[in-house]
Amino acid sequence: MKKLTIEEMHRLDVETFQQESKVPLTLVLDNVRSMNNVGSLFRTADAFRLERLILCGITALPPHPMIHKTALGAELSMTWQKAHSAEEAVLALRDEGYHIWALEQATGSVTPEESPLKASEKVALVVGNEVHGVSDEVIALADRCIEIPQYGTKHSLNVSVSGGIAIYSIVADYLRSMIPL
């Protein structure tokens, strides 16, 4: 084995990426306070070719050096927009025909593996604040809550880690079937 070079990975340049088809998943950041987490979520969204991010409430906006530190340029490739609140964003997305899924520990939650993205649907995945999680108002509007099973002593994962796990689990089959890499 040997590590692949950038050329061997066949990555897209920003202009080509922006014109390629995207996975019909929008990532909604509900008051994510850490700019490092925001940047990491941008990078994850780019890696899985998500259609956009919606940054809500106190979530920091690009351009910012702390976001760039972990996004490594994904803040330039990804489409994003600002919303006053996650509740406002979710209501608008619902009007656009999106299913609303919240990444949260809640009654009736299902695992990401039980929630694969289907080609016929548009989904908005809401990730929450590092301390308080997804707001109760958004949970009340959600069609589904997704929870990552955990087996240690801590009750939660970092938002960018849990977001990455959930996104991969949700879109992996979709990507394999719809976007040849």
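For the numbers below, each heavy atom of this structure counts, side chains included, while hydrogens, waters and symmetry mates do not.
The salt bridge (charged side-chain N to carboxylate O under 4.0 Å, His left out) analysis of residues 147-161, with sequence neighbours excluded, yields no pairs. Residue pairs meeting the salt bridge (charged side-chain N to carboxylate O under 4.0 Å, His left out) criterion with at least one partner in residues 128-139, sequence neighbours excluded, are Arg33-Glu130. Applying the side-chain hydrogen bond (donor to acceptor under 3.5 Å, both in side chains) test to residues at least two apart or on different chains, none of the pairs has a partner in residues 117-128. Within the structure, salt bridge (charged side-chain N to carboxylate O under 4.0 Å, His left out) pairs that include any residue of residues 65-91 do not occur (at least two apart or interchain).
Taking the side chain as every heavy atom from C-beta outward, Leu55 and Gln81 never approach each other to under 4.5 Å. Here the side chains of Leu29 and Leu41 are in contact, with some heavy-atom distance below 4.5 Å. Side-chain atoms of Pro116 and Ile170, non-hydrogen and from C-beta on, never get closer than 4.5 Å to each other. Annotation: side chain of Asp30 is not in contact with side chain of Asn129 (no heavy-atom distance under 4.5 Å). The shortest side-chain heavy-atom distance between Tyr168 and Pro112 does not fall under the 4.5 Å cut-off. You'll find the side chain of Val90 reaches within 4.5 Å of the side chain of Val126, heavy atoms only.
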Go through the steps to decide whether Val123 and Thr26 satisfy the test side-chain contact (heavy atoms from CB on, under 4.5 Å), and finish with yes or no.
CA-CA 6 Å; Val123 171; Thr26 289; over 6 Å; no
Tell me, with the steps shown, if Arg43 and Leu72 meet side-chain contact (heavy atoms from CB on, under 4.5 Å).
CA-CA 7 Å; Arg43 194 165 161 191; Leu72 294 177; 3.1 Å; yes
Could you walk me through whether Ile148 and Leu157 pass side-chain contact (heavy atoms from CB on, under 4.5 Å), step by step?
CA-CA 9 Å; Ile148 299 167; Leu157 293 166; 4.1 Å; yes
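Residues Leu25 and Val161 share a single hydrophobic cluster, defined by chaining ILVMFWY side chains whose heavy atoms lie under 4.5 Å apart. By the criterion of side-chain heavy atoms lying less than 4.5 angstrom apart, applied directly or through intervening Ile, Leu, Val, Met, Phe, Trp or Tyr residues, Tyr98 is not grouped with Leu50; the two fall into different hydrophobic clusters.
Here the OG atom belonging to Ser135 is positioned 8.0 Å from the CG atom belonging to Leu141, to the nearest 0.5 angstrom. In this structure, NE2 on His99 lies 13.5 Å from CG on Leu125, to the nearest 0.5 angstrom. The CG atom of Leu117 sits 9.0 Å away from the OG atom of Ser177 when rounded to the nearest 0.5 Å. The CD1 atom of Ile167 sits 11.0 Å away from atom CG of Leu175, with the distance rounded to the nearest 0.5 Å. The CG atom of Leu53 sits 10.0 Å away from the OG1 atom of Thr59 when rounded to the nearest 0.5 Å.
Residues forming a side chain to side chain contact (heavy atoms under 4.5 Å, CB included) with His64 (at least two apart in sequence, or on another chain): Met35, Met66, Ile67. Looking at residues two or more places apart in sequence or on another chain, you find no side chain to side chain donor-acceptor pair (under 3.5 Å) involving Ser34. For the side chain to side chain contact (heavy atoms under 4.5 Å, CB included) test, residues two or more places apart in sequence or in another chain that qualify with Phe17 are Leu12, Lys22, Asp46, Arg49, Ser77, Met78. Partners of Glu15 by side chain to side chain contact (heavy atoms under 4.5 Å, CB included), not counting sequence neighbours, listed by chain and number: Asp13, Gln19. With sequence neighbours left out, Thr79 forms a side chain to side chain contact (heavy atoms under 4.5 Å, CB included) with Arg52.
Without hydrogens or angle criteria, Thr44 side chain to Ser40 main chain gives a donor-acceptor distance under 3.5 Å. Between the side chain of Asn37 and the backbone N or O of Val159 there is no donor-acceptor pair closer than 3.5 Å. A donor-acceptor pair under 3.5 Å is absent between the side-chain atoms of Glu114 and the main chain of Ile146, judged by distance alone.
The hydrophobic cluster around Met9 extends to Leu4, Ile6, counting ILVMFWY residues whose side-chain heavy atoms fall within less than 4.5 Å of a member. Counting side-chain heavy-atom gaps under 4.5 Å among Ile, Leu, Val, Met, Phe, Trp and Tyr, Ile58 is found in no cluster with other residues.
No option in Val138, Leu93, Val127 other than Leu93 meets the side chain to side chain contact (heavy atoms under 4.5 Å, CB included) test with Val28.
Of all heavy-atom pairs spanning Cys145 and Ile139, the tightest one is SG-CD1, 3.9 Å. Here the closest non-hydrogen pair linking Ala89 and Ile54 is CB-CG2, 3.9 Å.
The number of heavy-atom neighbours closer than 6.0 Å to NZ of Lys3, taken from other residues, nucleotides and ligands shown, is 12 or below.
Using cut-offs of 30° and 60° for the angle between ring planes, the Phe42 and Trp80 rings count as perpendicular.
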List, one per line, each side-chain donor-acceptor pair under 3.5 Å for residues 100-107, sequence neighbours excluded.
unit_1 : atom_1 : unit_2 : atom_2 : d
Glu104 : OE1    : Val134 : N      : 2.7
Gln105 : NE2    : His155 : O      : 2.6

